[in-house]
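Following: one structure in structure tokens, then a few remarks.
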2 protein chains.
Amino acid sequence: MDRIPILKVGNCLLVTIQVDMHDQLALTLQEDLTAQIARYAARGVLIDISSLEIVDSFIGRMLANIAAMSRVLDAQTVLTGMQPAVAITLVELGMALPGIKTALNVERGMELLREFINQESAAEEGDGSEE
Amino acid sequence: MDRIPILKVGNCLLVTIQVDMHDQLALTLQEDLTAQIARYAARGVLIDISSLEIVDSFIGRMLANIAAMSRVLDAQTVLTGMQPAVAITLVELGMALPGIKTALNVERGMELLREFINQESAAEEGDGSEE
């Protein structure tokens, strides 16, 4: 298995991380994800990490990078399904993941993304109609 | 990694198969999936196999089993993202997966499930209003 599949759902992209990440896999994921955000003009990225039981600074950095890359491509990242132990480790590692929104499960994550996208569109329409 | 995560999206369950399946993992997936169909009263199961590059009779049988189990629990299974080589192998193995609907990608798979669920509800309402 040399790449993590990225699923397109509406105008969002969904990634489920199930395998242990190593350097090459993480790089491929970043490349694939940024390419697909651009290709589909995706507005949201949802990353489910419910099957990650342990996390290290490499994965933390990768998640932060993905969020930063998505943001400059105008897509919001939501991280879902984080296990309590992973949350503890991330904070202890000094990686509180600023700029990444989190949600308990995929369903709530999708709601969060929809709200964000609706707000953005409303703001854009507001800008257009105002003086 | 000892289990494949199952994501709940609306009244459907979404599974992305990314790793090579072995016996225990397949059994765990079947148990988890049937438990979650019952728990959430899910009406649809969507299995994405876009990252499977090869398939053998074990995986074919597992997919057929999952579809059969879901059906008796009143949920429809849709398989998405099958690669051409996998389709060729499955048919050559004599496993044309009867009873499993397929779709090119997750988005179309979701549409298919929604149509199926709407039809079912319409049929039930029809039954209710008739003599």
Side-chain angles (χ1 to χ4, degrees), chain A residues 1-22 24-26 28-29 32-33 35-36 39-56 59 78-83 85-86 103-114, chain B residues 1-22 24-26 28-29 32-33 35-36 39-56 59 78-83 85-86 103-114:
Chain A
M1 215 57 63
D2 51 355
R3 60 193 341 124
I4 293 179
I6 298 168
L7 312 179
K8 184 174 172 289
V9 182
N11 51 4
C12 297
L13 300 175
L14 174 63
V15 181
T16 325
I17 294 180
Q18 305 179 6
V19 291
D20 291 326
M21 299 296 288
H22 48 80
Q24 191 51 51
L25 196 61
T28 312
L29 178 62
D32 289 353
L33 201 53
Q36 296 216 20
R39 184 170 163 204
Y40 296 120
R43 299 301 312 280
V45 174
L46 202 145
I47 303 176
D48 184 81
I49 55 167
S50 55
S51 56
L52 280 192
E53 280 166 13
I54 44 167
V55 79
D56 53 16
I59 294 187
V78 171
L79 205 62
T80 64
M82 191 186 292
Q83 297 196 12
V86 170
L104 206 58
N105 54 41
V106 171
E107 217 155 21
R108 293 201 194 175
M110 283 284 183
E111 276 170 30
L112 202 63
L113 279 179
R114 261 196 294 271
Chain B
M1 214 60 62
D2 51 355
R3 62 194 337 125
I4 293 179
I6 298 168
L7 311 178
K8 182 174 174 289
V9 182
N11 52 2
C12 297
L13 300 175
L14 175 62
V15 181
T16 324
I17 294 181
Q18 304 178 7
V19 291
D20 291 327
M21 299 297 286
H22 49 81
Q24 190 51 52
L25 196 61
T28 312
L29 178 62
D32 289 355
L33 201 54
Q36 295 216 19
R39 183 171 165 204
Y40 297 121
R43 299 301 314 277
V45 175
L46 202 145
I47 303 177
D48 184 81
I49 55 167
S50 54
S51 54
L52 280 193
E53 279 166 14
I54 45 168
V55 79
D56 53 17
I59 294 188
V78 172
L79 206 61
T80 63
M82 191 186 290
Q83 296 195 14
V86 169
L104 206 59
N105 54 41
V106 171
E107 216 155 22
R108 293 201 192 174
M110 284 283 183
E111 275 170 30
L112 203 62
L113 279 179
R114 261 195 295 271

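A note on names: the letters A, B, ... follow the listed sequences, proteins ahead of strands, and every chain is numbered from 1.
The salt bridge (charged side-chain N to carboxylate O under 4.0 Å, His left out) search around B:E111 returns none, not counting sequence neighbours.
Contact annotation: the side chain of A:L13 never approaches that of A:L46 to less than 4.5 Å [non-hydrogen atoms, C-beta and beyond].
If you run side chain to side chain contact (heavy atoms under 4.5 Å, CB included) between B:L29 and each of B:R3, B:M21, B:Q24, only B:M21 comes through.
Between the OG1 atom of A:T28 and the NE2 atom of A:H22 there is a distance of 8.0 Å, given to the nearest 0.5 Å.
Both the backbone and the side chain of A:T16 come within contact range of chain B, judged by heavy atoms closer than 4.5 Å. With a 4.5 angstrom heavy-atom cutoff, A:D48 touches chain B only via side-chain atoms.
Chosen from A:L7, A:V9, A:L14, A:N105, the residue pairing most often with chain B at heavy-atom distances under 4.5 Å is A:L7.
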